[in-house]
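Worth knowing before you read on, the calculation uses all heavy atoms, side chains too, and leaves out hydrogens, waters and symmetry mates.
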Amino acid sequence: MLNLHKAEFIRSAVKPSDFPSDGLPQIVFAGKSNVGKSSTINKILNRRNFARVGGQPGKTIHINFFSIDQQVYFVDLPGYGYAKVSKAERDRWGRLLETYFASDKITLGFQIVDIRHKPTVDDKVMADWFLSTGKPFVVIANKWDKIKKSELEPNVACIRQTLLLPEEVPVIPFSAEKGSGREDVLALIEAHAAAFAAEDTTPSV
């Protein structure tokens, strides 16, 4: 089991040489600027202000790496789709993200979308990036507490259809406010960390 209390900020990457390369799993979180990405990470860790929640969207401007129990990294990507960021800045983020996605360091991806709305074109691009890595990928449908029970199934189906998700990609309804869905997300993270730890201790033949 991961000790979620042993969570610490490691560094903000502004260039590829800043990416950790110690072989530990890198669990990546991505989402639109206003989708509640920091709040989701905070809720998963049960920490109030661990991933800094900016006063305005688009505050995460680097790739932020956090060590969890010295066993895995949580990787917080810059929020996308925020119009007030300059084109030059968006291009710089884009190049950094492309390099990171091509680096083969990502071991598990979480994309956070808003369960109330059809995913945007930017959401679709990000899902394609995650799918292109060939690594396990999960969609967290945040703001579950903001919809009616009757909307859950059709909204999840809309997310699956819009993002063209393969069957094996789970869509987990989640509420960063209430904590609903947290156990499901945590179970996937724990299983991922355990699988890596087991691989690490397997004797080579």
Side-chain angles (χ1 to χ4, degrees), residues 1-33 35-54 59-80 93 96-97 99-101 103-113 126 129-130 133-142 144 169-202:
M1 291 284 285
L2 289 171
N3 180 353
L4 300 179
H5 296 294
K6 284 182 68 180
E8 59 175 327
F9 173 71
I10 298 297
R11 72 175 71 115
S12 289
V14 294
K15 56 189 187 301
S17 58
D18 294 334
F19 305 152
S21 52
D22 52 12
L24 289 179
Q26 296 190 18
I27 300 173
V28 178
F29 293 85
K32 280 191 315 202
S33 293
V35 80
K37 178 166 53 72
S38 295
S39 308
T40 297
I41 295 171
N42 288 334
K43 181 53 74 177
I44 291 166
L45 291 172
N46 255 346
R47 301 277 285 271
R48 189 159 292 168
N49 293 311
F50 185 69
R52 294 178 295 279
V53 181
K59 273 294 193 191
T60 307
I61 57 169
H62 308 303
I63 301 178
N64 291 326
F65 290 87
F66 303 89
S67 168
I68 312 298
D69 199 17
Q70 298 181 331
Q71 292 187 55
V72 300
Y73 290 106
F74 275 15
V75 185
D76 186 10
L77 298 187
Y80 52 82
W93 293 356
L96 189 65
L97 288 179
T99 308
Y100 181 58
F101 271 85
S103 70
D104 205 34
K105 292 181 186 300
I106 297 171
T107 59
L108 171 62
F110 285 102
Q111 181 177 3
I112 300 148
V113 299
M126 183 53 75
W129 275 19
F130 274 119
T133 66
K135 299 294 168 59
F137 172 46
V138 179
V139 173
I140 294 176
N142 193 25
W144 184 10
V169 174
V171 177
I172 299 179
F174 191 90
S175 167
E177 207 167 292
K178 311 266 192 212
S180 324
R182 176 179 181 267
E183 294 307 317
D184 294 335
V185 172
L186 210 47
L188 289 171
I189 290 169
E190 292 281 6
H192 187 68
F196 254 82
E199 259 178 46
D200 231 24
T201 54
T202 307

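Nearest heavy-atom pair across P136 and T107 is CD-O, 3.3 Å. In terms of heavy-atom proximity, L108 sits nearest to L188 at CD2-O, 4.4 Å. Scanning both residues, A176 and K43, for their nearest heavy atoms gives O-CE, 3.0 Å. Across all non-hydrogen atoms, the minimal contact from M126 to Q111 is CB-NE2, 3.6 Å. Closest non-hydrogen pair, S21 versus K105, comes out as CB-NZ, 3.4 Å.
Here the side chains of H5 and N46 are not in contact, with every heavy-atom distance at 4.5 Å or above. Taking the side chain as every heavy atom from C-beta outward, L77 and Y100 approach each other to under 4.5 Å. L4 has its side chain out of reach of D69: every pair of non-hydrogen atoms, C-beta onward, lies at least 4.5 Å apart. Put simply, the side chain of K37 does not reach to within 4.5 Å of the side chain of F110, judged on heavy atoms. By the 4.5 Å heavy-atom criterion applied to side chains, L96 and P16 are counted as neighbours. Proximity of V113 to V139: side-chain heavy atoms (C-beta onward) are separated by under 4.5 Å at one or more points. F196 places none of its side-chain heavy atoms less than 4.5 Å from the side chain of V72.
Classified by interplanar angle (parallel below 30°, tilted 30° to 60°, perpendicular above 60°), the ring pair F65/Y73 is perpendicular.
If you take CZ on F74 and CD on Q26, they are separated by 12.5 Å, rounding to the nearest 0.5 Å. Rounding to the nearest 0.5 Å gives a distance of 11.5 Å between CG of L24 and CD1 of I68. A distance of 12.5 Å separates NZ in K135 from CD1 in I27, rounded to the nearest 0.5 Å. Rounded to the nearest 0.5 angstrom, T40 OG1 and E177 CD are separated by 11.0 Å. Note that OG of S175 is 12.0 Å distant from CD1 of I140, once rounded to the nearest 0.5 Å. In this structure, CG in L45 is found 8.0 Å from CZ in R182, a value given to the nearest 0.5 Å.
With hydrogens and angles disregarded, no donor-acceptor distance shorter than 3.5 Å links the side chain of S12 to the backbone of N64.
A side-chain contact (heavy atoms from CB on, under 4.5 Å) with I63 is found for exactly one of L97, D76, V14, namely L97. Put simply, the residue from W129, F130, F101, F29 that forms a ring-ring contact (aromatic ring centres under 6.0 Å, His included) with F137 is F130.
Other residues, nucleotides and ligands contribute over 12 non-hydrogen atoms within 6.0 Å of the CG atom of D184. When the shell of 6.0 Å around CD of E190 is examined, it contains more than 12 heavy atoms from other residues, nucleotides or ligands.
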